[in-house]
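All chains are named by letter (A, B, ...) in the order of the sequence lines, taking the proteins before the strands, and each is independently numbered beginning at 1.
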Amino acid sequence: MLKATLSPPFLHRISPIVSPIISRANPSNSVNLLWKKALFSAIISRMDDKFLKPYDPNTTENEIYNKWEESGFFNPDECIQAGITEKDARPFSIILPPPNVTGNLHMGHAVMLALQDIMIRYNRMSGKRTLWLPGTDHAAIATQSKVEKELYKKEKKTRHDLGRDEFIARVEAFAKESHDTIVNQIKKIGASVDWSREAFTLDENRSLAVRTAFKNMYDDGLIYRGSRIVNWDPKMQTTVSDDEIEWKEEKATFYYLKYGPFTIGTARPETKFGDKYVVMHPDDSRYKEYTHGQTLEVEWINGLITATVIKDEAVDMEFGTGVMTITPWHDATDFDIAERHKLDKEQIIDFKGKLLPIAEEFEGIHISKARPEIVKKLEEKGLLERVDENYTHRIATNSRGNGVIEPQIKEQWFVDVNKEFRGTTLKKEMRDAVEGGKITIIPDHFKKTYFHWIDNLRDWCISRQIWYGHRIPVWYKGSEVYVGVEEPGGDGWKQDLDTLDTWFSSGLWTFSTLGWPFDYGHSAELSRSPQGKPIFDDTQGKPVPGSDLDVYHPTAVLETGYDILFFWVARMILMSSYHLDDIPFKTVYLHGLVRDEKGQKMSKSLGNVIDPLDMTEKYGADATRLSLIIGATAGTDVKLSEDKVRGYKHFSNKLWNITRFVLSNTEGLDSTSQPPLTKEDTKILEESNTFAKEVTEAIERFQLHLAGEKLYQYVWHTFADKIIEESKPILEGDDEKAKKSRQYTLYTILVLNIKLLHPFTPFVTEEIWSSLPHHKENMLLVEKWPVDA
RNA sequence: GGGCGGUUAGCUCAAUUGGUAGAGCAACUCGUUUACACCGAGUAGGUUGCAGGUUCAAGUCCUGCACCGCCCACCA
């Protein structure tokens, strides 16, 4: 076994490449003692036998992760206590986008974890006060619908059969199980998250944050209750937000119906019973003889009705006949027209999708079955003029449960995005944060997409009729309404049955995880506020000094997939602007989607899913990480094949063998003293220095794919293929001076590369590090980065 | 309908913001069994989608076009 140790003064001497580790060692702490002990043995002894075998990730990765975790150094407080990080070091924080507790992690999560871990490890090594806070998301509707599906499949029961409490218990059990799986998977990837600060979007602390947020916004008039047209999923019996809708194309028949003197077109005759408004464009010369507000008697499905002519610019003159009738209760466009002209709205379809009494003999029939019968009646009455069979109809479905959406008018809770508060609006705040450059989006062009979305933003419907989630903190007693953080005193209060959109709680994520609106006693020894005391000072409008919220917010980076830019990123900006009057993060890094080798989305039905856990088991976490990083620029989708992962396993092994070569050829080298260097070696060291700077710059610029590729190139094709190959004759030759110089150089470059590679391939580098003579006692995880930023 | 990307070697993708187009797979030739066959040395492969423009200089900037993909949207 090796017993040698590289001394800090030696590191000083060579160059800034390998920076002075000792400068960070606080004389009063134990780390320094390790160094003192280490200084006595600086001679490289015989190589560890494990290098005679190929590198095997499976035998090392779990053990290494445990050691990291046991060290406590994932927690920045511990790093400060151990003297590894300066007390006043600049903070660098990332709050992990919480995976949904709906099952397993997929490759998209693996990309996210790999990218963030690189940033975190780099910054930790660079001496920053680095926090990566993990957590999971209850994902309300997604989780509930998954459990509902299983419940029906296994027991043929619905949630109503179980009742609210029993059902919630089932969901919670499922969520717990998913959570444990996910935590395990996060560890497998090697993510250096601070588990001591782990959060859940539905735990006690986050619930308090949600209720506080709701109350504050309600008091400012930013949350209101109103009757509006919403996306109703009759299957799941809940509303769904606009963003959760997935449009599907369907071949359908388009019907032309006689409506008095007009011909109207529709794909949905079954909704037309109550249609008593006939709408046309004011500029349409074909209908100039009809005036706005004019009434006429029309023979319709169930007899004569009085129709009113409405002129509105929403009508497309080119489409169909340029005339339509409207169903305001069940169509968003129609609803808007009705609102503009103050028209009656009548419900035709109930919340279960069945026709109401207005349909007369069709009452109680589900709309999915009513169409042919109604068409038959229309035909018999001579109201059906013609049909177009080649029509593609777009239907709205719930992306979470696949139910067909039936728009309905319903009383719901909304966030008003245009309401003024403190001289601004939520919409304006969201725009300004990015437009004014306070937040940088990578890649840059997503700014345009973001603005486009903001400009078209409507009030956000936040209430859901599902059971799993944050209960709306509103209580009713007769006509009284109470909105508060805690339940009101006194008898007879009933809480609102609805729950909140899952994005409401995730919107608070960057600060609810950091203790807002209260501190829960993290690291009290580091002059935090005492447990339970507010950490946000409303009178000053800023966090109490020294609290997690004060130190780590705004977070440095939000790294996530571009597909949730609107769902989540925008909403975090909204919430942070309002509640903290601050941005939630300085940089948004958006990664692409992981697709299969043909560029198709990975899905169970296509059977092309590559499971990250499979990959880490077969090829190791390091190889899996590299395969996801290299060749993946920000915002661009990554094509992944098993071959690619396999390829990077070779890299780990190559590094392993480089180490074997260097150690077996430097036996006896006194690493504490630098020998006189040959010209070639001086040049090699200078070049490696330049290379290290390039890698550092690439990481600083968030060009992680470039940094990874450079490392790969250098290690394999410069270090191994050129430097090591050229070393062979020198090492076997008689020139002792050249030999010593080269041994020293090889060793130095090995150490340099192990450090630079650590954020990318943490396991194999840590494993090698543990076998290097000099560093046995000190983990690579907290080694100093070899280049000063 | 509106918006955003992409088009570079056979395949997958880079190119540090205008300065001699690169890498990994794949192919071909040769070598190598004591660091690594999970290896090495080399070869071949490009009018950077098309057409113009700006510039000493364009894959990169501008204009137009053609495909491919994605997002948003109230054609009933």
Side-chain angles (χ1 to χ4, degrees), chain A residues 47 51-55 229 242-243 245 247 254-255 257 264-269 271-272 275 279 312 314-327 330-337 391 393-394 396 407 443-453 455-458 562-563 565-566 592-593 595 597-599 601 619 623 626-627 630-633 635-641 643-644 646-665 694 697-698 700-701 703 705-710 712-713 716-717 720-722 724-725 727-728 731 746:
Chain A
M47 186 187 66
F51 287 106
L52 296 175
K53 285 184 233 142
Y55 175 62
I229 191 147
D242 291 346
D243 309 301
I245 284 190
W247 291 91
F254 195 75
Y255 304 89
L257 307 176
I264 60 154
T266 184
R268 303 195 57 195
T271 65
K272 303 264 118 193
D275 287 14
V279 191
D312 193 285
V315 177
D316 182 353
M317 289 188 271
E318 308 294 315
F319 187 83
T321 56
V323 183
M324 65 179 189
T325 60
I326 57 169
T327 315
H330 300 291
D331 185 284
T333 314
D334 296 0
F335 178 86
D336 287 346
I337 294 172
Y391 182 71
H393 190 225
R394 297 179 62 221
D444 190 58
H445 70 254
F446 272 103
K447 272 204 295 208
K448 292 177 191 170
T449 317
Y450 176 79
F451 291 141
H452 192 251
W453 181 80
D455 293 341
N456 292 310
L457 188 63
R458 302 213 249 167
Y562 65 75
D563 52 331
L565 179 65
F566 308 137
L593 273 33
R595 296 172 174 280
E597 53 195 316
K598 291 176 201 151
K601 251 188 181 170
Y619 309 108
L626 278 182
S627 71
I630 295 181
T633 40
T636 306
D637 293 352
V638 199
K639 284 182 196 162
L640 186 73
S641 62
D643 278 345
K644 192 174 175 190
R646 193 180 296 123
Y648 287 109
K649 189 192 175 175
H650 301 338
F651 180 74
S652 295
N653 196 55
K654 186 77 180 177
L655 196 63
W656 193 247
N657 279 298
I658 287 170
T659 307
R660 173 179 169 187
F661 179 88
V662 173
L663 290 184
S664 63
N665 283 288
E694 283 173 8
E697 271 173 39
E700 288 281 344
R701 283 200 201 99
Q703 295 176 310
H705 66 285
L706 237 177
E709 214 171 299
K710 272 180 193 290
Y712 183 98
Q713 283 299 308
W716 202 306
H717 300 298
D721 291 351
K722 295 211 172 67
I724 286 182
E725 288 304 324
S727 298
K728 288 176 181 170
L731 295 169
L746 286 173

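Closest to the side chain of A:P54, from the set B:C38, B:A23, B:A76, is B:C38. When distances are taken from the side chain of A:F319 to each of B:C4, B:A14, B:C75, the shortest belongs to B:C75. The nucleotide whose nearest atom lies closest to any side-chain atom of A:A720 is, among B:A35, B:G40, B:G24, B:A35. Closest contact between the side chain of A:H705 and the listed nucleotides B:A15, B:C4, B:U16 involves B:A15. Proximity note for A:Q713 (side chain, C-beta onward) versus B:A35, B:G24, B:U12: the nearest is B:G24. Minimum atom distance to the side chain of A:T636 is reached by B:A14, of the listed B:A14, B:C72, B:G24. Listed candidates were B:A73, B:C39, B:U12. Nearest to the side chain of A:R394 is B:A73. Of the listed nucleotides (B:A35, B:C75, B:A41), B:A35 has the atom at the smallest distance from the side chain of A:K728. Across B:U16, B:A76, B:C74, the shortest atom-to-atom separation from the side chain of A:K272 is found for B:A76. For A:H717, counting side-chain heavy atoms from C-beta on, the closest listed nucleotide (B:C4, B:A35, B:G24) is B:G24.
A:Y255 comes within 4.0 angstrom of no nucleic acid atom, judged by non-hydrogen atoms across all strands. Within 4.0 Å of A:F566, counting heavy atoms only, lie sugar-phosphate atoms of the nucleic acid but no base atom. A:R701 comes within contact range of the sugar-phosphate backbone alone, with a heavy-atom separation under 4.0 Å but no base atom that close. Heavy atoms of A:G631 sit under 4.0 angstrom from primed sugar atoms or phosphate atoms, though from no base atom. Within 4.0 Å (heavy atoms only), A:I264 reaches no atom of the nucleic acid at all. Note on A:V662: nothing from the nucleic acid sits closer than 4.0 angstrom, heavy atoms only. Counting any heavy atom pair closer than 4.0 Å across all strands shown, A:G592 reaches no nucleic acid atom. Within the 4.0 angstrom heavy-atom criterion, only backbone atoms of the sugar-phosphate kind lie near A:T633; the bases stay farther away. If you check every strand for non-hydrogen atoms under 4.0 Å, A:E725 touches a base. Among the protein residues, A:D336 comes within range of no part of the nucleic acid, since none of its heavy atoms lies under 4.0 Å from any strand.
Classified by its glycosidic torsion, B:U12 falls in the anti category, the angle being over 90° from 0.
The partner of B:U16 cannot be assigned: no Watson-Crick or G-U wobble pair with both contacts below 3.5 Å exists in any strand. Both distances falling under 3.5 Å, in either a Watson-Crick or a G-U wobble arrangement, occur for no nucleotide opposite B:C38. Base pairing analysis places B:A76 opposite nothing; no Watson-Crick or G-U wobble pair with both distances below 3.5 Å involves it. Pairing for B:U43 goes to B:A27, judged as Watson-Crick or G-U wobble with the two contacts each under 3.5 Å. In this structure, B:A58 makes no Watson-Crick or G-U wobble pair, since no nucleotide meets both defining distances under 3.5 angstrom. If you check B:G64 for Watson-Crick or wobble pairing at under 3.5 angstrom, you find it paired to B:C50. For B:G2, the paired nucleotide is B:C71, the pair qualifying as Watson-Crick or G-U wobble because both relevant distances are below 3.5 Å.
If you measure from atom CD1 of A:I658 to atom P of B:A35, you get 13 Å, rounded to the nearest angstrom. If you measure from atom OH of A:Y648 to atom P of B:C38, you get 18 Å, rounded to the nearest angstrom. The CD atom of A:E697 sits 13 Å away from the P atom of B:U16 (whole-angstrom rounding). When the P atom of B:U7 is taken as reference, atom NZ of A:K639 falls 12 Å away, rounded to whole Å. Look at CG on A:D455: it is 11 Å from C1' on B:G3, rounded to the nearest Å. Straight-line distance from the CZ atom of A:R595 to the P atom of B:C13: 11 Å, rounded to whole Å. Separating the NZ atom of A:K722 from the C1' atom of B:A35 is a distance of 18 Å, rounded to the nearest angstrom. Straight-line distance from the OH atom of A:Y55 to the P atom of B:C36: 19 Å, rounded to whole Å.
The NZ atom of A:K272 sits 8.0 Å away from the CG atom of A:L257 when rounded to the nearest 0.5 Å. For the atom pair A:I264 CD1 and A:T325 OG1, the distance stands at 3.5 Å (nearest 0.5 Å). Taking CG of A:D334 as the start and CD1 of A:I229 as the end, the distance is 8.0 Å to the nearest 0.5 Å.
In summary, the aromatic rings of A:Y712 and A:F651 are positioned with their centroids under 6.0 Å apart.
Checked by atom type and distance alone, the side chain of A:K644 pairs as donor or acceptor with a backbone atom of A:S627 at under 3.5 Å. Put simply, the side chain of A:N456 gets close to the backbone of A:H452: a donor and an acceptor are under 3.5 Å apart. Side-chain atoms of A:D331 never come within 3.5 Å of backbone atoms of A:T327 as a donor-acceptor pair (strictly under, hydrogens ignored).
Applying the 4.0 Å criterion to OP1 and OP2 of B:G40, one finds that A:W716 has a side-chain N or O inside that range. At the phosphate of B:C70, neither OP1 nor OP2 sits under 4.0 Å from any side-chain N or O atom of A:K601. When the side-chain nitrogen and oxygen atoms of A:R458 are compared with OP1 and OP2 of B:C74, one or more of them lie within a distance under 4.0 Å.
Each of A:W453, A:F566, A:Y562 was compared with A:F446 under the ring pair (Phe, Tyr, Trp, His ring centres under 6.0 Å) criterion, and only A:Y562 meets it.
Closest non-hydrogen pair, A:R595 versus A:K601, comes out as NH1-N, 3.6 Å.
Remark on RNA chain B: of its neighbouring residues A:Y391 and A:L706, the 5'-side contact belongs to A:L706, judged by nearest-heavy-atom nucleotide. Of the residues near RNA chain B, A:G265 and A:S664, the one whose nearest nucleotide (by heavy atom distance) lies more toward the 5' end is A:S664.
Comparing B:C4 with B:C74, their C1' atoms are spaced 22 Å from each other, to the whole Å. For the C1' atoms, the distance linking B:G49 with B:C39 amounts to 39 Å, nearest Å. Between B:G59 and B:C72, the two C1' atoms lie 30 Å apart (nearest whole Å). On the C1' atoms, B:A35 is 36 Å away from B:U20, given to the nearest whole Å. For the C1' atoms, the distance linking B:C56 with B:U16 amounts to 23 Å, nearest Å. Rounded to whole Å, the P atom of B:U8 lies 27 Å from the corresponding atom of B:G2. When the C1' atom is compared between B:U54 and B:A14, the two are found 27 Å apart, to the nearest whole Å. Rounded to whole Å, the P atom of B:C75 lies 25 Å from the corresponding atom of B:C67.
No N or O donor and acceptor, one from the side chain of A:K654 and one from the base of B:C38, sit under 3.5 Å apart.
Relative ring orientation between A:W656 and A:Y55 is described as tilted, the plane-to-plane angle lying within the 30° to 60° band.
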